[in-house]
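As the structure is a computational prediction, the values presented were derived from the model and not from experiment. Every heavy atom of this structure was used, including side-chain atoms; hydrogens, water molecules and symmetry mates were not. Every number for a ligand or one of its atoms is a count from 1 in the order of the listing.
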Amino acid sequence: MTRAWTWSYEGYDPDTERLRETLCTLGNGYFATRGAASEALDGPVHYPGTYAAGCYNRLLSTVAGRSVENEDMVNLPNWLPLRYRICPADAAPGPWLSPDHPHLTEHRQTLDLSHGTLTRWSVYEDEAGRRLTVEQCRLVHMGEPHLAALRTCFASDGWTGAVEVEAGIDGAVRNAGVARYHGLADQHLTGWETGAEQPDTVWLSCRTLDSDIRIALASRIRTPSGHDGPPRPQVTALRASHTLILPLTPDAPAVVEKTVALYTSRDPAIESPRHAAVDAVALAPHFRRLRAEHRRAWENLWRQAKLEVPGEAGRILRLHLFHVLQTLSPHTAELDVGVPARGLHGEAYRGHVFWDELFVLPFLNLHLPQVSLALLDYRYRRLPAACHAAREAGRTGAMYPWQSAGDGREETQQLHLNPRSGHWLPDHSRLQHHVGSAIAYNVWQYGQASGDTEFLHTRGAEMLLEIARFWASAVDWDASLGRYRIRGVVGPDEYHDGYPDAAAPGVDDNAYTNVTAAWVLRRALDLCHTLPEPHQRQLFERIQLSPEEPERWDDIAHRLHVPYHRGVISQFAGYEDLAELDWHGYRQRYGDIRRLDRILEAEGDTVNRYQASKQADVLMLGYLFAPSELASLFRGLGYPLDEDTWHATVDYYLHRTSHGSTLSALVHAWVLARVHRPDAWTYCQEALTGDVADVQGGTTAEGIHLGAMAGTLDFVQRGMTGLETREQALWLDPAPLRELSKFGVRIRYRRHWDVDLRIRADQVRIAVPASENAPVRVNLRDRSFALAPGTSRRLSLPGG
Ligand code: BGC
């Protein structure tokens, strides 16, 4: 194992244990388990969460005198428990050991990214000087998505006796992983049943309280090194385990293999989760074979998602890719799930699906398009819910929820806690209707990258047209401006959820919202004009599109209002009237001011009063659209957008953004790199270290930031290469950073599986693998050529 492919922690550190647990999570898209110690069940240090994609439950809580409803991704029974103690031949058994026990003398854990295993290595020494070395290897199977396994090897250093092992499944779990949610109801499971099936197998089943999802886990224990007497099952109301005694001599280590299966009633082709889980462990091979098959599955996956970046940046990017693939794997293509903002790695944001897929799908489109398709189908299945929400709001079309989970209704919390002040505050982030444009953008991008017209001309077009319809119903005509306006929204910057002292929440004419709405309307019109028959007729009938609608869309797409002030694009109408914040003073007083909203609220003030943004908002436009497309969008709206205006806009917001979201640094890195600014690298570094160094101060312990992780991969793949897939061609416009000027990516473009792209500061090489497919059309700045399969081309980059 080279350092480039591993992620290691030396020593045991209770203070950072939860962060390590998140970053050492193992998963396969179907489920994931945090990298928690197997030996410790309770306590403030450890949080052994296990989450199955799409497994949600709704609970009612009372906070601040109000009854609120929240739907959470459920923490499932813990399959990790495996503890042990030394049983000397001539003395009573010692204490149960765990990294928290004072007998621990050494500890190390290593995540092997290439093969998807976590190895924990600990040494204990008791008062009598008996040393026990424990090496535990864990996997969550990438090939068999219901299986996980734990192989624990005990070695004695010079003493003879035994170790007693207790291993099982713990059903006494709650959703308690996020301190801010501690005032809320957290018991999602009920109806536990436990049992022992074979001499070596125990099981535990339960169900979620409201969504009524049945869940079952089975655990099989085998001891290749032999044991004293058979494993003894112990079954209580909430736990099912085995205890066994493993003889140990200095020459013969003892080994115990625990194999676990997890099923839920959402799974196809099963009779019941319990039978499926018990049968699966009965049929599972021994650990070594299981691991060999698991490794093969990972090797295949890495082949499909190749990204070669040298040095430390490359190592972090590999970790990001690892976690993206563990959250959204080929198994995801079989599920009805969206992109959980915090992975399957923790409970922050309740496993909800936001607009973050905007940062994830563009990467997946060029590697695992079938996964992108499944994620878009998650949205398509919830199109009726989005249309219902629009009707309820007095609109037409599809109003997708800002936070989505089980059935596609709006899941944004009504109240959120400011941990600084202890106040529960109204949450207006549901006014971020721009999420609809993100879905439309992803539909379009997926269609362009994959060439999947079957989807684009049917389900994709239906979503896109319904989102366009929503925007058309959301505008007001302002005769004095001679423009359409969209009022009462929240843009990507969540700090501005209203005007100071205004009675109603929301701001008007958020530039990002309006420009992306115009883009959606344009794409909808493109589709209306180009959909082939019979798709066009069927779709128009299905959504009952009247001939006047596209005409109106066209008008709106050309006359939406975009506010400007002092020569820059305004984040929203009236942004310039807000007060300037004393950034320097606040930094001096508080140090880290990323969560300025909380600081100001705790001071009795509100961030709504200031020109201070949480994250990139206007600048998101430079993230989504290449400079030429953005300029053409603005031209279409009747506004000039020359380079100077864009550069001035970038500068303006750069100095007024606190980066309270991990997405912010990423977008800034992207945008600054495109305008060739040296500070791009600073933001790139912040985006790269967002999770590994827990830049947002404690949030990674509650789950990874999947959007930022995937976004950094895409930063290399599309940001640095200027790669676009449009008009049936690959467009390249490399803008490598000095610090990131040499890299390679291998993408899947339509039918071509392994298109290889290599960038050096001053040249680009593109190779298309041999196949029967048609040549790939490539446009590199002003050069355009077709690359036949089996050929490559090296081109120099002027000014590189
Ligand atoms: C950001 C949103 C993001 C959400 C989930 C928030 O902090 O402001 O843009 O969608 O986190 O990642």
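- With 3.5 Å as the limit, one finds no donor-acceptor pair spanning the side chains of S437 and Y512.
- Proximity of Y495 to ligand 1 is not established, as no heavy-atom distance is less than 4.0 Å.
- Using modelled atom types, one side-chain atom of R382 and one backbone atom of G406 make a donor-acceptor pair closer than 3.5 Å.
- When ring centroids are compared, Y652 and H565 come within the 6.0 Å threshold.
- Looking only at atom types and distance, the side chain of T25 has no donor-acceptor partner in the side chain of T22 under 3.5 Å away.
- Contact atoms of ligand 1 toward W402: 10 (O) (distance under 4.0 Å to a heavy atom of the residue).
- Using modelled atom types, one finds no donor on one side chain facing an acceptor on the other under 3.5 Å when comparing N175 with D186.
- Contact atoms of ligand 1 toward K614: 1 (C), 6 (C), 7 (O), 8 (O) (distance under 4.0 Å to a heavy atom of the residue).
- In terms of protein heavy atoms, atom 2 (C) of ligand 1 is closest to W355 NE1, 3.8 Å.
- When only non-hydrogen protein atoms are considered, atom 11 (O) of ligand 1 lies nearest to Y349 OH, 3.3 Å.
- The distance between the ring centers of F715 and F363 does not fall below 6.0 angstrom.
- Under 4.0 angstrom from ligand 1, there are no non-hydrogen atoms of R342.
- Against a heavy-atom cut-off of under 4.0 Å, A341 is close to the following atoms of ligand 1: 5 (C), 12 (O).
- Of all the heavy atoms of H705, none lies under 4.0 Å from any atom of ligand 1, so neither backbone nor side chain is involved.
- Ring to ring, Y56 and H188 are not that close: their centroids are 6.0 angstrom or more apart.
- Listed by atom number, the atoms of ligand 1 under 4.0 Å from D356 heavy atoms are 3 (C), 5 (C), 10 (O), 12 (O).
- The nearest heavy-atom contact from the protein to atom 1 (C) of ligand 1 is Q615 OE1, 3.6 Å.
- Ring pair W583/H655: centre-to-centre distance not below 6.0 Å.
- Proximity of L663 to ligand 1, defined as any heavy-atom pair under 4.0 Å, is confined to the side chain (atoms from C-beta onward).
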